[in-house]
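Accompanying notes for the structure given below.
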Amino acid sequence: MINVVEWVKNRIIDDEIERYTDNGRDFINDDYIESLINNANNKKPDPKKIRDILNKSLAIQTLSLEDVAELIKVSDPDLIEEMKEVAHKIKLKVYDNRIVTFAPLYMGNLCVNNCLYCGFRDDNSIIKRRVLNIKEIEDEVKVLAGEIGHKRLIVVYGEHPSTDVNYIAKSLETIYNVKVKVRNGWGQIRRVNVNAAPMQIKELEVLRDIGIGTFQVFQETYHKKTYSYVHPSNTIKGNYLWRLYSMHRALEAGIDDVGIGALFGLYDWRFEVISLVAHAIELEKKFGIGPHTVSFPRLEPAANTPFIQETRYRVSDDDFKKIILILRLAIPYTGMILTAREPKELRNELVDYGITQMDASTKIGIGAYSDRLTYQELEKQQFEIGDTRTLDELIRDLAKKGYITSFCTAGYRCGRTGSSIMDLLRSGKEGVFCKLNAVITFREWLLDFASKETEEIGLEIINKELREIEKRMPDIYPKVIEYYKRIENGERDLYF
Amino acid sequence: MGRGICISDLEQYLKELSKTYNCGGIWICKKFGKRLSFIAGVRPVKLIPPISMEVNKDYVLFIEDDSNIDENERRNILNKIHSYLLFS
C-alpha cells in the first residue's frame with residue numbers, strides 16, 4: 001500500500017533546483033518583464049524596428065525579450081499582416097509544408113495537487129478516478145495505432161504515486177510493443193512523448209533509458225504571484241522553482257528533446273509570451289539546446305471548476321492569434337503544437353501562422369479510445385475539447401489548404417536530437433528531411449488507413465510534393481522514388 | 001573534463017573521416033531504447049538515409065555515404081571509435 005503523504009514529502013530535491021540558479025536567482029525576472037509590458041502599453045511601435053526584428057526571425061535567430069516586447073505593441077493590421085507572412089515563411093524554411101499529427105493518451109486522472117483551474121485536482125469529488133492497467137493501455141493503443149493510424153502519442157500522467165516513474169516506464173514499454181495488422185501493413189506507435197509532473201534526475205534517467213520522445217512540462221504560469229495563488233503552497237506543484245527547472249533536469253539527465261508551454265488565461269498573456277521566450281533563451285544559454293516544442297493551450301471549461309469562468313485573463317481569439325504569431329517569430333526553430341482544445345474553424349485558420357503539430361481523433365477521457373464513446377464525458381476529462389474531427393477528416397482539411405500530413409518519427413531514431421537538430425533546424429536542412437519523410441510516411445498512411453476521399457486528395461498533394469522534390473533536389477529524388485515504391489510494395493517504416 | 005577532451009577528439013576524428021572518405025555526415029549516437037541521441041560528429045550533409053553500424057551495445061555510428069570505405073577500414077574505424085568512447 002503506497003503512503004501518499006510520505007511519497008509527496010520526498011518528491012522535491014532542493015539541490016536539483018539550486019544548482020541551476022544564478023547566485024540564487026531564477027531566469028524569470030518578474031519586475032523586468034512587467035516593465036517591458038508597461039513600456040509596450042505606452043509607445044507605438046516603429047515599423048522600421050519591427051521589420052528589423054522580422055529579419056532576425058527570418059534568419060532563424062531567437063529574439064530578445066526586448067524584441068518580443070516590441071512585437072507585442074503591434075496592432076496595425078498591415079504590420080500584423082507582415083508578421084503573418086514572415087511567420088509562414090519561417091515555418092516553410094524550418095519545417096517545410098508539413099503538419100505532424102499525434103494523439104494525446106491520458107493514462108490516469110489521480111493527482112495529489114489541487115490546482116484551481118484543473119478538473120483533475122485532488123478535491124474535485126465529481127471526477128471519476130481511474131488509472132489504466134497494462135491491458136487497458138494495450139487496448140487504447142490498438143485503437144490509436146491499429147484503427148486510426150497514429151504513429152506518435154503524447155502520453156499524459158497526473159502527479160500521483162500510482163502513476164510514478166515506474167508506472168510511466170512500464171506504460172511506455174507497453175505502448176512501444178503493441179503492433180497491429182492493418183489494411184496493407186502494420187500499425188505501431190513509433191514515438192511516445194511524455195507530459196508528466198516534474199521529476200528528479202534519477203527518474204528522468206529511467207525515462208531516458210526507455211527511449212522517450214520529447215519530455216514536456218508546462219509551467220502553466222510564469223508569473224510568481226499568480227502561480228502561488230492557483231497552486232496551493234501545501235502541494236508539490238506549489239513549488240514554482242521545482243517546476244521551472246524541470247527541463248534543466250531533463251537535459252542534464254540526457255533527455256535532449258524537451259517541450260515547454262504555458263496555460264494561457266491564468267495571467268496576462270504578454271507576460272507568459274515573454275517568459276516562454278526567456279525560458280528558451282535560458283535553455284539555449286545553459287545547454288545549447290532550445291525547446292523542441294512550445295505549447296500554448298488556453299483554459300477550457302472543466303467539470304466543477306468555476307475558476308475558469310471567473311478568470312479575468314481569458315484570452316480572446318484575436319490575442320491568441322497574436323500569441324502564436326509572436327512565438328513563431330521569437331523562437332523560429334521550435335515546433336509549435338496547436339491542440340484540439342481549440343475549435344475546428346480557428347485551427348483551420350491558425351495552421352497558417354506557423355503551426356507544426358496538431359492532434360486529431362482526440363479523446364482525453366481515461367480509456368476513451370477503447371470505450372469508443374462518441375461524446376465527451378466531462379467527469380472523466382481534464383477539460384472540454386473543441387475540435388472533434390477524426391484524423392482522416394483533419395488530413396483532408398489540411399490537404400484542401402495545401403498542407404501535407406506527416407507521420408515522421410525519424411529524427412530521434414537517427415541522432416537528429418539535441419544540439420544536432422538545433423543546427424539542422426536553424427540551417428533549413430531539417431526542413432528537407434521533413435519534406436521527404438512527409439511524402440514517404442503520408443503514402444504509408446494513405447495505403448493503410450485513408451478513406452477513399454482522403455486518399456484522392458492526399459495523392460494530389462503527394463504528386464505536387466514529388467514534383468517539387470524532383471525540381472529542387474534532383475540528387476535525392478531517385479532515392480525518394482525508390483523508398484516510395486518500396487512503401488507501395490508493402491514495406492513499412494522507411495525514412496530519411 | 002576528461003569526457004570533454006575525449007568527445008572533442010572523437011569529433012575531430014569524425015571530421016577527418018568525413019573529408020578523407022567524402023562520406024558527408026558521420027556521427028555517433030548513444031542508444032536509449034528507440035532513441036538514438038546525438039553525441040558528436042559531422043551533421044548530415046548529403047541528406048540521404050544514413051547507414052548505421054553498431055560500435056558497441058551502447059553506441060551507433062551513422063554514415064551518410066560509406067561507398068569509399070572498404071571492409072578493413074570500416075573495422076579499423078569502428079575499433080578506433082570504440083576506444084575513444086571507452087575513455088569518454
Side-chain angles (χ1 to χ4, degrees), chain A residues 169 172-173 175-176 188-192 205-215 251 253-257 289 409-437 440 473 475-480 482-483 494-496, chain B residues 1-4 6-15 17-18 22-68 77-78 81-82 84-85 88:
Chain A
L172 295 180
E173 278 177 344
I175 292 167
Y176 278 134
Q188 193 168 23
I189 297 300
R190 297 176 184 156
R191 178 171 178 136
V192 186
E205 286 168 351
V206 173
L207 294 191
R208 176 202 65 194
D209 290 346
I210 296 288
I212 71 166
T214 305
F215 181 66
L251 286 160
I255 297 174
D256 54 359
D257 291 324
I289 300 170
T409 54
Y412 90 122
R413 293 189 285 164
C414 54
R416 297 204 296 272
T417 66
S419 63
S420 173
I421 199 162
M422 286 292 129
D423 290 350
L424 294 167
L425 289 166
R426 286 184 193 278
S427 67
K429 283 183 183 171
E430 187 61 24
V432 173
F433 289 121
C434 288
K435 192 174 199 69
L436 307 178
N437 286 327
I440 304 295
M473 297 166 253
D475 294 347
I476 302 173
Y477 181 70
K479 194 77 189 170
V480 179
E482 181 206 317
Y483 272 31
L494 301 176
Y495 52 86
F496 279 75
Chain B
M1 193 68 180
R3 178 184 154 81
C6 281
I7 291 295
S8 64
D9 290 349
L10 175 59
E11 181 107 8
Q12 190 53 41
Y13 176 59
L14 293 169
K15 279 182 187 163
L17 288 177
S18 174
N22 187 29
C23 47
I26 174 165
W27 65 96
I28 289 286
C29 291
K30 184 154 190 194
K31 278 197 272 185
F32 299 111
K34 264 188 197 296
R35 165 174 281 270
L36 291 162
S37 284
F38 180 85
I39 300 293
V42 180
R43 291 157 172 86
V45 177
K46 302 189 179 189
L47 311 185
I48 53 179
I51 295 135
S52 65
M53 293 167 216
E54 239 177 52
V55 178
N56 57 36
K57 67 176 179 49
D58 294 324
Y59 292 93
V60 176
L61 173 70
F62 283 94
I63 306 181
E64 280 190 304
D65 181 357
D66 69 344
S67 55
N68 297 322
I77 289 168
L78 288 175
I81 291 171
H82 181 72
Y84 275 117
L85 293 167
S88 65

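Convention: sequence-line order gives letters A, B, ...; per-chain numbering from 1.
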Fill in the blank from the handout: The interface call for B:K31 against chain A, heavy-atom contacts under 4.5 Å, is neither

Problem - Under 4.5 Å from any heavy atom of chain A - which part of B:S37 - result: both

Fill in the blank from the handout: Looking only at B:G41, B:P44, B:P50, B:S52, the option with the highest number of non-hydrogen pairs under 4.5 Å against chain A is B:P44

Segment of [X] engaging chain B (4.5 angstrom heavy-atom cut-off):
| X | value |
| --- | --- |
| A:Y412 | both |
| A:R191 | side chain |
| A:Y483 | side chain |
| A:T409 | neither |
| A:L424 | side chain |
| A:L436 | side chain |
| A:D475 | neither |

Handout entry: Min side-chain heavy-atom separation A:V432-A:F496 under 4.5 Å
Key = no

Problem - SB check A:D256 B:K30 (cutoff 4.0 Å) - result: no

Handout entry: B:F62 and B:W27 aromatic ring geometry - parallel, tilted or perpendicular at 30°/60° bounds
Key = parallel

Fill in the blank from the handout: One option among A:I255, A:I421, A:V480, A:D257 has the most heavy-atom pairs under 4.5 Å with chain B, and it is A:D257

Exercise for the section: Please say which of B:I26, B:I77, B:D9 ends up in a side-chain contact (heavy atoms from CB on, under 4.5 Å) with B:L14. Expected result: B:I26

